[in-house]
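So the structure is just underneath, and the comments pick up after that.
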Amino acid sequence: MNARARAEFEILKDKERCIDCGLCERQCSNGVYKREDGRWFIADEKCVNCQRCVEMCPTGALKVIPNRNAPRGDGNWSVRAVREIYKQAETGGVLLSSMGNPSDMPTYFDRIAINASQVTNPSIDPLREPMETRVYLGAKDHEIKRDSSGRLITENRGLRLEVPILFSAMSYGSISYNAHAVLARAAQELGTYYNTGEGGLHRDFYKYGASTIVQVASGRFGVHKDYLEAGAAIEIKMGQGAKPGIGGHLPGKKIVGDIAATRMIPQGSDAISPAPHHDIYSIEDLRQLVDSLKEATEYKKPVFVKVAAVHNIAAIASGIARSGADVIVLDGWRGGTGAAPTRIRDNVGIPIELALAGVDSRLRAEGIRDRVSLIAGGSIRNSADVVKAIALGADAVYIGTAALIAMGCHMCRNCHSGKCNWGIATQDPALVSRLDVNAGVRRLIGLITAWKHEIEEMMGGMGINAIEALRGNRLMLRGLGLNSRELDILGIMHAGE
Amino acid sequence: MESRYYEGKVRIPSGCAISGFINRDGRLSDGSAIIKSIATMHDRSNGLGGGFAGYGIYPEYKDYYAIHMFYRDTLIKKQVEEFLDEHFDIINLSKIPVRKTPKIVDEPLIWRYFVKPLPTKLAESQLDEDEFVSRCAFRINTFMDGAYVFSCGKNMGAFKAVGYPEDVGEFYRLDEYAAYSWIAHGRYPTNTPGWWGGAHPFCLLDFAVVHNGEISSYDANRRNIEMYGYKCNLQTDTEVITYIFDYLVRKRGLTLQEACKVIAAPFWEQIDRMPAQEREQAEYLRRIYSGLLVTGPFSVILGYTGGLLAINDRLKLRGMVVAEKGNTTYIASEECAIRVIAPVLDKIYSPKGGEVVIAEVGR
């Protein structure tokens, strides 16, 4: 079959504008452009629509558009479904995808409206009055203890965030050295945290340890005593929203140089993270891992447990809350990834909004919500999503995709190819160097600063001047076009009630 | 009105007037002064609720819990009395005396019981007396439809109704009670309350709270405090504030001052500037009780045995003044409510947002 006929995108090159500078050819890691004998040959089928050539073209001669030629689809058989069958028939393989679940299943955040004050209580102007977004993560249900002079004994400081947004786990290996540098530096300047993912921590980044959450995942890559002690907190990754029930696989060709050293595995060997932790087959085993990590770090580091949002998430979270963990991370099914089997990504798990509401309600019903903090992740796209997540019950949110977009990702959804033209999801030194760390840091700080302003405006509108008074404050939310079962699970009323 | 709009079925915010005073020398005053004070702020109420609480009013029964009850009918009264009989030694019971006035209508049955927990029941429950009484009150209020415990402290009592506060005071014959401290409330709910239980003060054991404001943190506070055995049956701000005080002070052992550092916590920028020790304490309280921070406008007077506490929200979004004359401390939404009963004052001031004012007998 003719691959070009079935290409997803077509590239329009305006001959009038093109000056034959060849920049597009040099910029494209996918080899779309080739100039031979004074003629341009364009391989549409290799294009992933990352927009690199379009943005770099000095004369604006390029456009990438969805291919006007496409196999026939209908209401049942989408063009995508047909193309996927072609691909599988040709390769006999499992389809792989990157980034989060793109399906048009409900996104509940888009069906929730936020409240504002009118008459009976005043809205608060964040430009004139203090508006507090500081959050502490960790257990809150300590017994009150006093010393002999009657002063409160203040122990267990927990993690302090100046803004309730953290950068979620993306390993060194799945993303580049420069991308990690951007996350680490931005987290430090913003007073928040980034997460190493399961690839260990590069020696150069130990200096950002106070802003780092180090992850321990099923492959245990890069885990050693110094690593555990380097971070401000330790995260046990049990699962990931993009691929619940599935492990990870970083191909040997990406395990080069520093990545191999950081992961503590030989160069060129595949890094395979098993689907389960093979020392955790049940909840009591999780408790032992939590305790082991705490013991190893002398009870100085809070321990997070990250789980994918699946059907029985409320009961699972209740078990985790009783396991000694300080923070539970819930990752919804729209959560991003560097690579996941497409069918898993698009069909396994549940939306974060329902998981979060269900877990928060359950922990409160059991009276143990104060034993843990909750972080929600899995497609937080803007400041309104943050406000809604917190009002549903989260202490803070994780963002991954949004942080990558801020530093230059164009959502072409081909991280798994390793050919990221923007220097983010690649280990090719030439491509990595395209990500300007200083510019990336500036942009990521810009994004979070902008969101913080917006969060403050929305809080002020509700007459709330501290983010903790928004947490779990579900009266501030109303549903739109949701059925009563959905409203019940979300614990909110319908608009107009 | 349809019952789905009743108190407890929907959240009812309200504006209000509050007033209170305490004789720090323990001298007793009858209820006429407090009625006069709250009546001055007539326009801050809308006739949909008024109430009072007095401390030291039952000296002859000072060791017994004084349970004030509203009943819808005699059927539920009988059921509650059976329940009380099972759990308490009732040493006295009577109708609460009222003076009929055309301005107060549709009154429920209003009864008063002086009780002590039955020693066998108390031992069986493994609770202390206060917790036993409070759980019994919650049980009645949550599960016995048509019955409502509106006051259950020792040597104190609340008196409340639907109407303007001055008429409520008249109705309950408050001029016949003598107390060392009084608090009063005139209500301006933005909804028609279903019945009398929704008026203020709101009481639990010897705590009585009157409050003006609409707190924006309501649902965060409610969902937090309900984890610890409280049930917000009325869905009013005052109810949740009372429970927060009870939880922090009685159950967690915080001082009133410390509890106020939770409820109207200093801003982080203030905490960051405090000397190290003080900073640690303030940060600790704010951090571990973050779910109990109250935001949005409020002025609150909390009555307790031997004292009154007054506090505003952190931004002082509601008016509240404090004054002193001799051995009496006055607190009110507006200065006029104080001047009308004490025209010449030794001092009068407006406490800052989040500033705690405590006045106690003997101090």
Side-chain angles (χ1 to χ4, degrees), chain A residues 115 117 119-124 129-136 138-146 150-158 160 162 360-361 363-370 390-391 393 395 459 462-477 491 493 497, chain B residues 10-11 13-15 188-190 213-224 226-229 235 237 248 251-255 258 261 265-272 277-298 313-315 317-318 353:
Chain A
N115 193 29
S117 303
V119 184
T120 55
N121 90 7
S123 41
I124 301 169
E129 306 285 353
M131 193 57 69
E132 303 184 311
T133 57
R134 187 186 295 180
V135 171
Y136 283 85
K140 298 186 172 66
D141 66 336
H142 313 138
E143 278 304 309
I144 291 290
K145 290 186 206 134
R146 294 179 190 273
R151 298 181 64 79
L152 297 165
I153 298 172
T154 59
E155 51 192 40
N156 271 331
R157 292 182 50 82
R160 172 169 150 183
E162 294 304 332
D360 181 69
S361 298
L363 296 182
R364 286 174 193 267
E366 295 187 22
I368 54 174
R369 175 66 181 82
D370 282 346
I390 292 173
D395 288 86
M459 282 168 56
M462 290 181 266
I464 288 173
N465 59 7
I467 196 103
E468 57 260 51
L470 177 64
R471 186 184 60 230
N473 197 336
R474 296 191 189 169
L475 268 182
M476 292 297 167
L477 303 177
M493 289 189 278
E497 285 188 293
Chain B
V10 291
R11 175 164 144 71
S14 57
Y188 199 131
T190 50
E214 179 188 336
I215 60 179
S216 52
S217 55
Y218 175 77
D219 214 31
N221 301 143
R222 176 188 70 80
R223 297 182 73 230
N224 192 282
E226 287 196 344
M227 279 200 286
Y228 301 105
Q235 301 192 33
D237 296 345
L248 291 174
K251 294 204 177 157
R252 301 309 297 259
L254 296 189
T255 64
E258 287 166 344
K261 286 215 169 70
F267 289 104
W268 288 119
E269 58 184 41
Q270 292 170 313
I271 292 176
D272 291 346
Q277 270 198 340
E278 198 188 336
R279 182 176 66 233
E280 248 175 51
Q281 304 262 307
E283 189 215 80
Y284 180 72
L285 287 171
R286 194 165 169 189
R287 188 157 54 76
I288 65 165
Y289 296 119
S290 60
L292 301 176
L293 170 72
V294 179
T295 62
F298 64 85
D313 64 271
R314 312 193 293 165
L315 291 178
L317 297 170
R318 282 290 184 274

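Reminder, nothing fancy here: chain letters follow the sequence lines and each chain counts from 1. Only a predicted model underlies this, so the values are computations on that prediction, with no experimental measurement involved.
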Who wins among [options] for the most heavy-atom pairs under 4.5 Å with chain B?
{"options": "A:Arg369, A:Arg146, A:Met462", "value": "A:Arg146"}
{"options": "A:Asn115, A:Leu470, A:Asp360, A:Val119", "value": "A:Asp360"}
{"options": "A:Pro130, A:Ser117, A:Gly367", "value": "A:Pro130"}

Below 4.5 Å from any heavy atom of chain A, which atoms of [X] appear? Answer side chain, backbone, both or neither.
{"X": "B:Asn224", "result": "both"}
{"X": "B:Leu285", "result": "side chain"}
{"X": "B:Gln270", "result": "neither"}
{"X": "B:Arg314", "result": "side chain"}
{"X": "B:Glu226", "result": "neither"}

Greatest number of heavy atom pairs closer than 4.5 Å to chain A - which of B:Arg222, B:Glu280, B:Glu269, B:Arg286
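Greatest number of close heavy-atom pairs with chain A: B:Arg286.
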Engaged part of [X] at the chain B interface, taking heavy atoms whose separation is under 4.5 Å:
{"X": "A:Glu143", "answer": "both"}
{"X": "A:Ile467", "answer": "neither"}
{"X": "A:Met493", "answer": "neither"}

Closest non-hydrogen atom pair, [X] against [Y]:
{"X": "A:Arg134", "Y": "B:Asp272", "value": "NH2-OD2, 2.6 Å"}
{"X": "B:Leu293", "Y": "A:Ala469", "value": "O-CB, 4.4 Å"}
{"X": "B:Ser290", "Y": "A:Glu468", "value": "O-CG, 3.4 Å"}
{"X": "B:Tyr218", "Y": "A:Asn473", "value": "N-ND2, 4.3 Å"}

[X] vs [Y] side-chain heavy atoms within contact, under 4.5 Å:
{"X": "A:Arg474", "Y": "B:Arg223", "value": "yes"}
{"X": "A:Glu366", "Y": "B:Met227", "value": "no"}
{"X": "A:Asn121", "Y": "B:Leu317", "value": "no"}

Mark yes or no for whether A:Glu132, through its side chain, and B:Trp268, through its backbone, hold a donor-acceptor pair below 3.5 Å.
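Between the backbone of B:Trp268 and the side chain of A:Glu132 there is a qualifying donor-acceptor contact (under 3.5 Å).
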Where the side chain of B:Gln281 meets the backbone of A:Arg151, is there a donor-acceptor pair that is under 3.5 Å apart?
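Checking the backbone N and O of A:Arg151 against the side chain of B:Gln281, no donor-acceptor pair under 3.5 Å is found.
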Separation of A:Ile144 CD1 from B:Tyr284 OH (nearest 0.5 Å)
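B:Tyr284 OH to A:Ile144 CD1: 4.5 Å, rounded to 0.5 Å.
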When rounded to the nearest 0.5 angstrom, what distance separates CG in B:Leu315 from CG in A:Asn465?
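B:Leu315 CG to A:Asn465 CG: 5.0 Å, rounded to 0.5 Å.
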Does the side-chain contact (heavy atoms from CB on, under 4.5 Å) test come out yes or no for B:Ser216 and A:Met476, once each step is laid out?
CA-CA 9 Å; B:Ser216 52; A:Met476 292 297 167; 4.3 Å; yes
